[in-house]
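These numbers come from the heavy atoms of this one structure, side chains and all, not from hydrogens, waters or symmetry mates.
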Amino acid sequence: MDNNKTFTMIKPDAVQNGYAGLILAKIEKAGFKITAMKMTQLSAESAESFYEIHRGKPFFKDLINYMTSGPIIAAILEKDNAVLDFRELIGNTNPQEAKEGTIRQLYAKSIDANAIHGSDSDSNAKIEGEFHFS
Ligand code: ATP
Ligand code: MG
């Protein structure tokens, strides 16, 4: 399978806090090409479907409430080794543990509102990209 594409969402907290432009600039500076992008607001149904794997976990309800709380920016990004390089660029799920200079360390405050999503595998990148752009 191709390993040159990933999917991202700039999450509601980052859009709300005015970090979208800074985050997109950082993504482009890191060598990712934005090949599709849109601002949208997730319905509860689409957020639940997107995070289906976490259904039943203690944070699931808060995660859905948060992801539907305001607009997000969804995008498809291209670069060699896209999935892994992008996970490196965004940093640990918990911003408190994210490395210096990563997007979550710079622009996120908590594990619940962590500024950005990045696909965790090539197969999920494909599924998630198609979920938002088809
Ligand atoms: P994302 O899929 O949003 O890019 P991730 O891949 O780094 O994040 P996942 O394990 O897929 O992390 O979790 C999805 C989202 O669920 C996280 O971004 C976070 O907001 C929330 N989450 C995960 N684990 C926890 C937790 N232990 N407590 C609270 N929220 C959590
Ligand atoms: Mg994930």
Side-chain angles (χ1 to χ4, degrees):
M1 187 179 288
D2 291 347
N3 74 340
N4 67 336
K5 277 190 194 164
T6 192
F7 170 78
T8 188
M9 290 185 287
I10 300 178
K11 295 184 178 182
D13 61 305
V15 173
Q16 182 61 35
N17 292 333
Y19 294 142
L22 291 167
I23 290 172
L24 288 170
K26 198 163 166 61
I27 290 170
E28 288 188 315
K29 209 169 170 198
F32 293 87
K33 192 167 160 56
I34 300 168
T35 57
M37 181 162 71
K38 70 176 173 193
M39 181 175 266
T40 184
Q41 188 153 352
L42 296 178
S43 64
E45 293 71 31
S46 51
E48 284 178 11
S49 151
F50 194 86
Y51 283 114
E52 187 61 38
I53 193 168
H54 296 300
R55 189 185 289 278
K57 293 190 185 161
F59 58 84
F60 186 70
K61 198 158 175 274
D62 286 344
L63 176 62
I64 301 309
N65 285 340
Y66 155 66
M67 285 303 296
T68 56
S69 66
I72 57 135
I73 294 170
I76 294 176
L77 306 174
E78 289 192 16
K79 181 184 184 294
D80 285 348
N81 203 32
V83 165
L84 290 179
D85 284 3
F86 195 69
R87 295 288 297 195
E88 189 74 27
L89 181 69
I90 71 179
N92 194 285
T93 307
N94 183 350
Q96 258 70 55
E97 287 167 27
K99 279 190 208 147
E100 195 74 23
T102 58
I103 291 173
R104 282 169 167 163
Q105 185 264 322
L106 290 167
Y107 302 116
K109 289 202 179 68
S110 71
I111 193 169
D112 308 288
N114 58 10
I116 193 158
H117 163 79
S119 302
D120 60 13
S121 65
D122 291 330
S123 56
N124 280 336
K126 188 168 187 305
I127 293 166
E128 293 170 1
E130 285 171 1
F131 183 89
H132 284 272
F133 296 97
S134 57

Trainee: Around atom CD of E52, are there more than 12 heavy atoms of other residues, nucleotides or ligands at under 6.0 Å?
Mentor: yes

Trainee: If you compare all heavy atoms of H54 against all heavy atoms of F59, which two are closest, and at what distance to 0.1 Å?
Mentor: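 Nearest heavy atoms, H54 then F59: ND1-CZ, 3.8 Å.
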
Trainee: Closer than 4.0 angstrom, basic N to acidic O: yes or no for K109 and D13?
Mentor: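 Between D13 and K109 there is no salt bridge, as every charged N stays at least 4.0 Å from the carboxylate O atoms.
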
Trainee: Assign the ring pair F50 / F7 to parallel, tilted or perpendicular, where the plane angle (0 to 90°) is split at 30° and 60°.
Mentor: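 Aromatic pair F50/F7 classed tilted.
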
Trainee: Quick one: does T102's side chain have a donor or acceptor within less than 3.5 Å of a partner on L89's backbone?
Mentor: no

Trainee: What is the minimum heavy-atom distance between M67 and M9, and which atoms define it?
Mentor: CE-CE, 3.8 Å

Trainee: Just how far is it from atom OG1 of T93 to atom CG of D120, taken to the nearest 0.5 Å?
Mentor: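 Output value for this atom pair is 9.5 Å.
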
Trainee: Taking the side chain as every heavy atom from C-beta outward, state whether K11 and Y66 have any atom pair closer than 4.5 Å.
Mentor: yes

Trainee: Please determine if K99 and E88 form a salt bridge, counting it only when a charged side-chain N lies under 4.0 Å from a carboxylate O.
Mentor: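 Salt bridge between K99 and E88, a charged N being under 4.0 Å from a carboxylate O: yes.
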
Trainee: Is there a donor-acceptor pair under 3.5 Å between the side chain of N114 and the backbone N or O of A108?
Mentor: no

Trainee: Using side-chain heavy atoms (C-beta onward) and a distance below 4.5 Å, is K126 in contact with K5?
Mentor: no

Trainee: Scan I90, I103, L22 and name whichever one has a side-chain contact (heavy atoms from CB on, under 4.5 Å) with I27.
Mentor: I103

Trainee: So how far is it from T8 OG1 to R87 CZ, rounded to the nearest 0.5 Å?
Mentor: 10.0 Å

Trainee: Looking only at heavy atoms, which two atoms of A82 and T6 are closest? And how far apart?
Mentor: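 Smallest interatomic distance, heavy atoms only, reads CB-N, 3.8 Å.
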
Trainee: Under a 4.5 Å cut-off applied to non-hydrogen side-chain atoms, are F86 and S119 in contact?
Mentor: no

Trainee: For a quick test of reading the model, state the closest non-hydrogen atom pair linking S69 to P12 and the distance between them.
Mentor: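 For S69 and P12, the tightest heavy-atom pair comes out as OG-CB, 3.5 Å.
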
Trainee: Indicate yes or no: at least one non-hydrogen side-chain atom of S43 is less than 4.5 angstrom from one of Q41.
Mentor: no

Trainee: Would you say L106 and V15 are hydrophobically clustered, going by side-chain heavy atoms of ILVMFWY under 4.5 Å?
Mentor: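 Yes: a chain of side-chain contacts under 4.5 Å links L106 to V15.
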
Trainee: Take a 6.0 Å sphere around CD of Q16 and say whether it holds more than 12 heavy atoms from other residues, nucleotides or ligands.
Mentor: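 Counting other residues, nucleotides and ligands, CD of Q16 stays at 12 neighbours or fewer.
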
Trainee: Is there a donor-acceptor contact under 3.5 Å from the side chain of N92 to the main chain of N94?
Mentor: yes

Trainee: Taking the side chain as every heavy atom from C-beta outward, state whether D122 and D2 have any pair of such atoms under 4.5 Å apart.
Mentor: no

Trainee: Donor-acceptor pair, R104 side chain versus I116 backbone, under 3.5 Å?
Mentor: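 At least one qualifying donor-acceptor pair exists.
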
Trainee: Any side-chain to backbone donor/acceptor pair from T68 onto I64? Under 3.5 Å, distance only.
Mentor: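 Yes, the answer is positive, given that a donor and an acceptor are paired below the 3.5 Å cut-off.
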
Trainee: Parallel under 30°, tilted from 30 to 60°, perpendicular over 60°: which one fits the rings of Y107 and Y19?
Mentor: tilted

Trainee: Within 45° of the six-membered ring axis of F133 and under 6.0 Å from that ring's centre, is NZ or CZ of K38 located there?
Mentor: yes

